[in-house]
Structure formats: C-alpha cells, structure tokens
2 protein chains.
Amino acid sequence: MTTLSDVASAVGVSVSAVSRVLNDAPGTRVSEETRQRILETARQMDYRPNHSARSLRLQRTAVLACVLPDLTNALFSELVEGAEDAARERGYTLLLSRAEGMHDLDDTLARLLGEGRVDGAIVQMPDGLEPESLDSLVHDALPVVFLHAAHPRRTGSVMLDDAAAARTATDHLLALGHERIAFVGGLAGSPSARRREEGFREAMAQAGHAVDEKLVTRFGYRISDADSALAVLAEAQPRPTALVVANMNAGMAALGAARRMKWSVPEDLSVVAVHDAWPAAMTWPPLTTVRMPLRSLGRAAVECLIERLQVGTAADRLLSNESPQLIRRASTSAIEG
Amino acid sequence: MTTLSDVASAVGVSVSAVSRVLNDAPGTRVSEETRQRILETARQMDYRPNHSARSLRLQRTAVLACVLPDLTNALFSELVEGAEDAARERGYTLLLSRAEGMHDLDDTLARLLGEGRVDGAIVQMPDGLEPESLDSLVHDALPVVFLHAAHPRRTGSVMLDDAAAARTATDHLLALGHERIAFVGGLAGSPSARRREEGFREAMAQAGHAVDEKLVTRFGYRISDADSALAVLAEAQPRPTALVVANMNAGMAALGAARRMKWSVPEDLSVVAVHDAWPAAMTWPPLTTVRMPLRSLGRAAVECLIERLQVGTAADRLLSNESPQLIRRASTSAIEG
DNA sequence: GGAGTGGGTCCGCTTGCTTAT
DNA sequence: GATAAGCAAGCGGACCCACTC
C-alpha cells in the first residue's frame, strides 16, 4: 500500500505538502509545478488514503450504516438504492447490515457505533419490536435515525404516509363495489401497521361503511401469518369479499393461503396490498398493490441522519408529498364482475 | 467514547497494562487484583476498542467484504447467512456491498481493498461479466475469492456442482416421461451457466435423447429474458413439453411468460429450475426446483478467503459433497398426466 | 531472576505553526 | 509582507523494551 510519505519522498517534498495538495486544502500554498508533480506521482503510484488512519485522525469515518431486519426482502431494494445515492452525493459511504432480532440489533449497533466503525446509523426495527425497546442503546443521543417509526423520546425518524396508502387501497376496493372488506394487518405493536389500519378505517368511515371487527386481523407479515389470518376471516359470516393486506409480502402469502382454502381470487375475493416490488407481478393472479415512495424514504433517511450529525438534531419527517399510487393488477375485480 | 487511557487513569495503571489485560495478551504479567480492577472498570465505563485505531496499528481490519450484484435477490439470503456465520466464528465481521456493473465493481473493490477498509473480499461477478475482465484489479494478488467462477490465472474461488444440479433437474423430467426437453440458460459467458448446460446435456445423452439445439436458449436470467426464451421455444416444431431453467428467478419469470402465451403449466409444459428459495413457493403453480447448498457455499467462501489471507494462497473449491436436492412442487407433471 | 509495571514508539494522516526565501 | 514550503503533534491502540522490587 502506497502511503503519503511514499509519494512525498518520490516527489521530494514533505508529507504535509502532499496531503494538502491531494485534499485540495483551503489556503494551500504550493507552486503550480510542485502541485502537478504531486498529483502525477500520486496517480502513477496509485495512492489511496488509508481509511483507518484518516478516520482516526478526523474522528469521523464518512460511513453510514443501514441496519435492516432482512436484506433480501425485495422491498428494501429501492430503499437502499435511494439511501446509497443520497449518501454518495453527500460524500458518505453506505454500509449494509442485517439484524433480525433485538439481540442482533443491540450487538450490531454496539459494534458499528460503539467501536467507531460508522458515524451514524439508519435503523429499521425488526418486526414486532418497537423503538422504545431500544432505550438502552438510545439513551445517550446516539446518531440513529429510525425508519417507519418514531422514538417517543427522541427526534430523528422518517416515515411514509401509511394511512394514505391504506386509504388508497381501500378506496380502490370501495370503487369496485366492495363493502365487506377485511384488513389483514401487521403486529399490533408496529407503528406503521397501526397507521395503515387507521387509514383503512378512515376510508371505510368516509364511505359510510362500518368496520366489522371480526374482519380485522393482526398476525403479522410472515407466510404462516397469512394462513392464520385467512382462517379467521373464513369463519366470518358473511365472508368478506375483499382484503386490504398491510404489506406486499403478506399479500403474496395471502394469495397462497386463499388458494389452499379454495377461495378464488379475484372471483370470490379481491386482494390488494400495501407496497410494491417486482415479485408482486410474479404471483398468480398478479397482485394489485399500492406503491410507496421507498426510494425517497431512503434518501430522506440519509439526509435526516446527516443533518443530525452536523446540526446535532433533526426533525422527524413524514413523506407525504408523493402520493401512494395504485398499481392495478389482476387480484382485484368488481364485486359482480 | 471511552479510550484506553480513560480506563487506565480511572484504574490508576498504565495504558499498556490495560491494553494487555483486555486483549488477554500472551505472557501478560499482571497481578490478579489489578487484572480484575481493569476488567471491572472497563466494563463499567463501557469501553470499546476504537476500530480505526486498532486497524491502523495492526494493519488489518478483521473485516471481510461480500460484494454481490443484487443484495435483494432471495438466493443470496442463505449464502450471506453462511458467510456471516463462518466469519463470526473466525473473528471476522462481514460487510455487504452491492456492485451491479463492472464499473461499480471496480470502484467498490478500489474503495474496500485499496483504502484498507477490509482485509479481503468475496466477489460474485455481475451477470454477463467474466472474471477475466477483472484483470486490472486482480493483477497484484488481491485477496479476492470469486463465487461460482474461477479466474483463469488465479486461485481462490468456490463453486457449486452446477452440472449435478442440472442433471438432477433433467433426470426428474425424464423420469416423468418427457423427452423433448428445452434448456433455458444464462448468458453464454457465464461459467456456471455453461456448467449447468453441460449437466443438462449429460443427462440427456445418458438417457439416449438427442438435444435439439433449437431448444437451447441463452438469454440470461432477467424477467424480460424469459419472454425472449419462451418466444423462441414456442416456434420450435414440435414444441418442447418441459423446460430446465438454469436459475430460479428465471424460472419464475418463465412461468409468467408461459402464462402470457397461454401455455399451461404443468399440463402442456413442465418447468423445473435450478436453485431454491421461498419465492418459488409463491408462484402459480408453485415452482419445482433443485436446491443447492448455498449456505455451505457462503461458509466455504469465507474459509477460502481466510486461508488466502493467512497462507497467502488457497485452492479452488468445488462443493460436491452435498448433492443438489429436488424440491417437487406443482410446476412439473408426468407427460401424460 | 522472575513477577509486575510503565514508558515510548509507531501505524498513516491532518493541520496549526514555523521557517526560509 | 507575500509565497512556498516543512515540522511536529496527536488521533487510539499494540507491543517491544525498559525498570523496580
């Protein structure tokens, strides 16, 4: 590895001269000729600043972490791309990490933040855990921005307009003539799941339809949760004619569960889910979804985090300027279609 | 951030004593009492070694990178878990990174390896690129292990038994009575795709069936590639009755393409794909697959890389002790079923 | 002379201050 | 007094080499 002093001795100048030229430091006084020789030599020797040394000296790494419960979830693809783009533009590198449970998250944040590997972190809590439970780690104003959920005693979180998305989904079913609509929700503890349920209720209320509480389930987003949900809904009398599922993966699972129960989609049951990614087009029937601005969410998270790093604090952000957008596929149809 | 010297002055000993005790350095001579006081104080003060400082001093980071073309591909889930497990056991941290194209990869490796952010990297080349094209970066024995493809002039790669997987898939179709079997392959440049095609040909030859070259396509694994492949296959006279698809995602896409072409699966066309992950169970009909030991591949990659780091060189590995396993779902059926 | 400590250097880089034209 | 440089400290930790009973 080529170091600054390798370059310096090759050119025949001091280390500081090389450092200043390569960093284009303000107020650098170096003759144009020396400057060119330094730049040229550094290029020839393929000099690259050592990240550890620079971080140690500057007390900052220019690295941000993005800690997610499951990296292979297709929904994270856009989110991460948005975050990476924003980070790059601001001179940061994004580091991806996975933390499935609370223990993992605790551990991961301790390693990343505690050992000074990164300057800050964007965190999506694993399903079923609430930001409050992270209290031990958050007590001393750690530079952390939460995705989808605000921490009760800390600022710095970015959220989507979940209520609007659920309203869009529900309105779509209402427009198709459905009235007996079920809501397949996330776990009761999840803030975003709660917001989606509220949006569902608002849309129903606005249309003048009562919500049958037997048609509201909160099992979560795993594949097996869909079986539980559909089993409950099949017991209802009369059965619902349509489902708003709070999450795309859960929506895909719901299609599978319905098929196992010989419940035809969309003939006997229309299904629409919140969130969109390519797998939704691969199911049968292709799943109608509501697209959320995940790329923007990723960008906003990075910007919020950097603001927090620079100013010391950052306001919570609710992304409501891009409306959730209905992606009509084949899993929904008019009630008498 | 608590530093070594904070702990040292709190205990009233020297920095070196604290360092030795906390690292459990060999030959450390510290009284049991001092040792306990140091450990206790460090715990109380929540001391964590600064990663940059330690890396700078030791000239190693204890971090390995895993660079993949698309992190949200469900196939990478198990791979990454296996790699993370192995890394953790050996005292390393795994860092995940995405590199879609050659330029990205070049850039990423320069940042990771060149700036000393990681000690080594596991790399899966983006589709359509071959290891040879990485020559510029690999010239000076960079500590890199390739997934799925060997570099012609360097050791250090881990591969699955792709031929065996394709044979298993093909044998399944043959056992169901199919004879006119098509192969939907990856790009011609991909080594693993080539090995799968060979496996297909071997199985066909062994069964005494000629391969109709019109039934072999090599468009790649993207969704749109499946449309191209199926369009070609639909032209063949007579049409094939079954498909071996070289990749699970491509297999899912093939189901979609077949449906758009009104080609019923499995009645008129059986489909089996290489690789297995949960989305395969969500398609309609659920996709029959051949499961590969991806978790072991991840482990092997890390072990290979660490060996390379310690010994300076490491042999290529072909994982052939765990046989590819057929996961029978509903997309394949007997020819006259 | 071994058991228990502390001092000091260096890893590569940035930057305030100094020096020599 | 500008202009063009160099010196040296120190970020936090590891480890060799003292030093003292």
Side-chain angles (χ1 to χ4, degrees), chain A residues 1-39 41-42 45-63 91 111-119, chain B residues 1-39 41-42 45-63 91 111-119:
Chain A
M1 244 180 40
T2 315
T3 72
L4 267 191
S5 79
D6 292 338
V7 178
S9 54
V11 179
V13 294
S14 71
V15 171
S16 46
V18 180
S19 172
R20 276 192 265 252
V21 167
L22 294 181
N23 286 322
D24 211 7
T28 302
R29 312 196 169 293
V30 177
S31 67
E32 191 50 30
E33 195 227 320
T34 313
R35 154 182 234 88
Q36 289 306 330
R37 272 176 42 228
I38 290 174
L39 289 171
T41 309
M45 298 177 79
D46 197 30
Y47 168 77
R48 279 170 217 284
N50 181 282
H51 178 249
S52 299
R54 174 173 269 176
S55 302
L56 179 59
R57 174 67 233 242
L58 295 179
Q59 298 289 79
R60 65 183 282 274
T61 61
V63 178
R111 292 175 61 80
L112 294 177
L113 260 6
E115 298 181 6
R117 289 168 192 258
V118 302
D119 296 337
Chain B
M1 243 179 40
T2 314
T3 71
L4 267 191
S5 75
D6 293 337
V7 177
S9 53
V11 179
V13 294
S14 71
V15 171
S16 41
V18 180
S19 173
R20 277 187 294 238
V21 168
L22 293 182
N23 286 322
D24 211 8
T28 302
R29 290 172 311 222
V30 177
S31 67
E32 191 50 31
E33 195 227 319
T34 311
R35 158 183 231 86
Q36 289 307 328
R37 273 175 43 226
I38 289 174
L39 288 171
T41 308
M45 299 178 75
D46 197 32
Y47 168 77
R48 281 170 215 284
N50 181 283
H51 178 249
S52 300
R54 175 173 266 174
S55 302
L56 177 59
R57 175 68 236 243
L58 296 178
Q59 298 288 81
R60 66 183 282 273
T61 61
V63 178
R111 295 175 58 80
L112 294 176
L113 260 7
E115 298 180 6
R117 289 168 193 258
V118 303
D119 296 338

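For the numbers below, each heavy atom of this structure counts, side chains included, while hydrogens, waters and symmetry mates do not. The sequence lines fix the lettering, A, B, ..., with proteins before strands; numbering per chain opens at 1.
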Novice: Quick check for you: among D:dG13, C:dG6, C:dC11, whose closest atom lies nearest to any side-chain atom of B:Gln59?
Specialist: C:dC11

Novice: By nearest heavy atom, map B:Ala25 and A:Val30 onto DNA chain D; which one lands nearer the 5' end?
Specialist: A:Val30

Novice: Starting at atom CZ of B:Arg57, determine the distance to atom P of C:dG12, rounded to an integer number of angstrom.
Specialist: 10 Å

Novice: Do any side-chain nitrogens or oxygens of B:Ser14 fall under 4.0 Å of OP1 or OP2 in C:dG6?
Specialist: yes

Novice: Starting at NE2 of A:His51 and ending at C1' of C:dC11, how long is that distance when rounded to a whole Å?
Specialist: 16 Å

Novice: Donor-acceptor pair under 3.5 Å: do we get one between A:Ser16's side chain and the base of D:dC7?
Specialist: yes

Novice: Taking the side chain of A:Asn50 as heavy atoms from C-beta outward, which of D:dG12, C:dG12, D:dG6 is closest to it?
Specialist: C:dG12

Novice: Please state how far atom CG in B:Leu56 lies from atom C1' in C:dC11, giving the value in whole angstrom units.
Specialist: 4 Å

Novice: Measure CG/B:Leu58 against P/D:dG13 and give the value in whole Å, please.
Specialist: 12 Å

Novice: Using atom CG of B:Leu4 as one end and atom C1' of C:dG6 as the other, report the distance to the nearest whole Å.
Specialist: 14 Å

Novice: Report yes or no: does A:Thr28 contribute a side-chain atom to a donor-acceptor pair with the main-chain N or O of A:Asp24 at less than 3.5 Å?
Specialist: no

Novice: For B:Arg20 and for A:Thr2, find the nucleotide of DNA chain C with the closest heavy atom, then tell me which residue's nucleotide is more 5'.
Specialist: B:Arg20

Novice: With no hydrogens and no angle check, is any side-chain donor or acceptor of A:Ser5 less than 3.5 Å from a backbone partner on A:Ala8?
Specialist: no

Novice: I need the CZ-C1' distance between A:Arg54 and C:dC11, as an integer number of Å.
Specialist: 16 Å

Novice: Keeping A:Arg35 on the side-chain end and A:Val30 on the backbone end, is there a donor-acceptor pair under 3.5 Å?
Specialist: no

Novice: So B:Leu22 and B:Leu39, do their side chains get closer than 4.5 Å, heavy atoms only?
Specialist: yes

Novice: Answer yes or no: is there a donor N or O on one side and an acceptor on the other, between the side chain of A:Thr2 and the main chain of A:Met45, under 3.5 Å?
Specialist: yes

Novice: Base, sugar-phosphate alone, or nothing: which one does A:Ser19 contact when heavy atoms must sit under 4.0 Å apart?
Specialist: base

Novice: Whole Å only: how far is the CZ atom of B:Arg60 from the C1' atom of D:dG13?
Specialist: 14 Å

Novice: List in numerical order all residues of residues 31-39 of chain B for which some heavy atom is under 4.0 Å away from an atom belonging to DNA chain D.
Specialist: none

Novice: Taking N and O atoms by type only, does the side chain of B:Arg29 place a donor or acceptor under 3.5 Å from a partner on the base of C:dG6?
Specialist: no

Novice: Select one nucleotide: of D:dG6, C:dG6, D:dG13, the one nearest the side-chain heavy atoms of B:Pro49.
Specialist: D:dG13

Novice: Provide the closest heavy-atom pair for A:Tyr47 versus A:Thr3 in the form atom of the first, atom of the second, distance.
Specialist: CE1-C, 3.6 Å

Novice: To the nearest Å, how far apart are B:Tyr47 OH and D:dA14 P?
Specialist: 6 Å

Novice: To the nearest 0.5 Å, how far apart are NE2 in A:His51 and OG1 in A:Thr61?
Specialist: 5.0 Å

Novice: Under 3.5 Å, side chain of B:Ser19 to main-chain N/O of B:Val15, donor-acceptor pair present?
Specialist: no

Novice: Please work out if A:Val15 contacts a base, only the sugar-phosphate, or nothing of the nucleic acid, heavy-atom cut-off 4.0 Å.
Specialist: base

